[in-house]
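Indexing begins at 1, ligand by ligand and atom by atom, following the structure's order.
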Amino acid sequence: MTAEHRHIETVIQFLQGAVAALEQPKPLPVGPLREAVEFLRVYADQRHHQREEALFFPLLVKRGVPPQGCPIGGLNNDHAKGRAFASALEEKISAYEQQQPGAATALRQTLQEVIQLYRHHLWMEDAMVFPMAERLLSEADNQELLARFAELDRALGPETVARWEQFATRLAAPANAPGGA
Ligand SMILES: [Fe+2]
Ligand SMILES: [Fe+2]
């Protein structure tokens, strides 16, 4: 799941670049931004967060981690916030595309909120939850998780997973910074 975090981080980095590009007078093409939001919806939420919510967190609970409060309650809450932000971003992107007054500022602000949420969330999981899982989960637990992750991927569609991983890999290339820098 660490590899998934790195793909998500790449897309968050791209959104950070979009915040900077929106400060420039040159209009920002919305196509790649829309794709980044779709990545958050499909890859970050439907794939990665589903793995955590349906399998990984419940297994941690089974091994003694409290289901509410810190960290699992907070992380589930972040996932819900992430879903709401994806819809908010779509609205702000449309308003920006229609050149509504103040739309660039509003889009920048929502992007910054999304970036902050994901950065904090990834940090919590990388620095706290994954190391805790390494201590709590046995080799058999890990094998079971991998098998069930593969089932979820089959349901989502392996080509969908591959498509969005390629998208993140492409974005990691410097030539694909927002605004074509
Ligand atoms: Fe998460
Ligand atoms: Fe995660």
Original post:
Has R51 got its NZ or CZ under 6.0 Å from the middle of the six-membered ring of F149, at an angle within 45 degrees of the ring axis?
Top reply: yes
Subject >> Short side-chain donor-acceptor distance under 3.5 Å, Q116 and H120 >> reply: no
Original post:
Going by atom types alone, do H121 and E125 pair a side-chain donor with an acceptor below 3.5 Å?
Top reply: yes
Original post:
Name of the H79 N, O or S atom nearest the Fe ion (ligand 1)?
Top reply: NE2
Subject >> Within the 6.0 Å centroid threshold, strictly below: H7 and F167 >> reply: no
Subject >> Between D45 and H79: side-chain donor-acceptor atoms closer than 3.5 Å >> reply: no
Subject >> N, O or S atoms of the protein lying under 2.8 Å from the Fe ion (ligand 2) >> reply: H5 NE2, H48 NE2, E52 OE2, E125 OE1
Original post:
Does a side chain donor of either R119 or Q13 reach within less than 3.5 Å of an acceptor in the other side chain?
Top reply: yes
